[in-house]
Q: 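I have a structure here, written as structure tokens, and I will follow up with some questions on it.
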Amino acid sequence: MTLEWVAAMAADTAAHTTTTEAVLFWVLGAVALLGAFGVVIAPKAVYSAMFLATTMIVLAVFYIAQGALFLGVVQVVVYTGAVMMLFLFVMMLIGVDSSESLVETIRGQRVAAIVFGLGFGILMIAGIGNVSAGGFVGLGQANAGGNVEGLAALIFIRYLWAFELTSALLITAALGAMVLAHRERFARRKTQRELAEERFKPGGYPTTLPNPGVYARYNAVNAAARLPDGSDSELSVSPILEKRSVSSVNGGGGDT
């Protein structure tokens, strides 16, 4: 009778959440929610990406705590380490204006986002409530031969068609993004010979243009380079930017 009671208690403990798992969930769950809210309300896109990386790291910890070691490692290495760093690199490379994000280009997108967000929240609450009431079932059986083998059996055997359809959808989305971002060339591409001839024509510049901030106190893209006579080089700053006169800032000094 005692052995049966111990076995029943062990089975009940394995099927329900332990105290450590509950504390881990409520602490890191709050961090994940704060990161998710930060993605939406952050004033800059770089801050949103950092908040999203925080949420992804918390999800990786959740995967590892539930025995999905492979998913946890993939979450950190692929999504947090590779995809998010790519996002940050692109945003820092092209720059994102905060005023552009405040303009609603598609009508009704905010209402649709709120509706889908509420629906997804209700679905998550229902799923968590179902698991909390019934307990975890089948986790030990799924990881009987190892987490990687169990995941491979689910992806490449049981849910093969769903996995392939998802892959095809992602490839189609990538091709669509490439088509939308492609710009048609309206003029013939000039050859190296034609470009060299234009550079040596009257009004051309045979050598490479000076970089901004050369021989100046401030190495910024809007700080004009200094010529040997101490004046500013008009060719060193893009005409799109508002040039900052380094001569007046430096007081005519010859800083290098």
Side-chain angles (χ1 to χ4, degrees), residues 32-33 35-42 44-64 66 68-128 138 142-143 146-189:
L33 287 178
F37 281 115
V39 173
V40 180
I41 65 177
K44 295 184 179 181
V46 177
Y47 296 161
S48 297
M50 297 302 297
F51 281 119
L52 184 57
T54 303
T55 304
M56 287 183 175
I57 293 175
V58 173
L59 292 179
V61 176
F62 285 158
Y63 289 148
I64 296 175
Q66 296 300 323
L69 301 178
F70 181 78
L71 287 180
V73 174
V74 169
Q75 181 75 19
V76 174
V77 175
V78 177
Y79 290 98
T80 309
V83 177
M84 286 307 306
M85 293 304 104
L86 179 61
F87 287 168
L88 289 175
F89 175 76
V90 172
M91 285 188 291
M92 292 179 180
L93 182 65
I94 64 176
V96 178
D97 190 2
S98 59
S99 62
E100 296 179 357
S101 60
L102 303 178
V103 179
E104 186 174 357
T105 57
I106 303 177
R107 292 184 178 180
Q109 61 177 351
R110 297 185 181 180
V111 178
I114 293 174
V115 171
F116 280 108
L118 292 176
F120 183 74
I122 294 173
L123 182 63
M124 290 292 295
I125 294 174
I128 294 174
N143 295 330
N147 179 249
V148 179
E149 293 183 4
L151 184 63
L154 292 176
I155 292 178
F156 299 107
I157 296 178
R158 186 173 181 180
Y159 300 107
L160 176 62
W161 286 109
F163 179 74
E164 294 296 333
L165 289 177
T166 304
S167 302
L169 179 63
L170 293 175
I171 294 175
T172 305
L175 292 177
M178 293 174 60
V179 171
L180 293 175
H182 177 70
R183 294 186 301 173
E184 294 291 339
R185 184 179 294 275
F186 297 99
R188 182 181 61 84
R189 186 173 184 178

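All of these numbers come straight from a predicted model, not from anything done at the bench.
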Q: Can you tell me how far apart OG1 (T166) and CH2 (W161) are? Round to the nearest 0.5 Å.
A: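 The CH2 atom of W161 is 13.0 Å from OG1 of T166, to the nearest 0.5 Å.
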Q: Measure the spacing between OH of Y79 and CG of L71 and express it to the nearest 0.5 Å.
A: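 It is 9.5 Å, given to the nearest 0.5 Å.
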Q: R189: which residues meet the side-chain hydrogen bond (donor to acceptor under 3.5 Å, both in side chains) condition with it, sequence neighbours left out?
A: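 Applying side-chain hydrogen bond (donor to acceptor under 3.5 Å, both in side chains) to R189 gives none.
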Q: Would you say I114 and L118 make side-chain contact, with heavy atoms under 4.5 Å?
A: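 Yes. Closest side-chain heavy atoms under 4.5 Å.
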Q: List, one per line, each side-chain donor-acceptor pair under 3.5 Å for residues 49-62, sequence neighbours excluded.
A:
unit_1	atom_1	unit_2	atom_2	d
T54	OG1	M50	O	3.1
T55	OG1	A32	O	3.4
T55	OG1	A36	N	3.4
T55	OG1	F51	O	3.2

Q: How many angstroms lie between CG in L165 and CG in L160, if you round to the nearest 0.5 Å?
A: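 L165 atom CG to L160 atom CG measures 9.5 Å (nearest 0.5 Å).
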Q: Between atom CD of E149 and atom CG of L154, what is the distance when rounded to the nearest 0.5 Å?
A: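 CG of L154 is found 12.0 Å from CD of E149.
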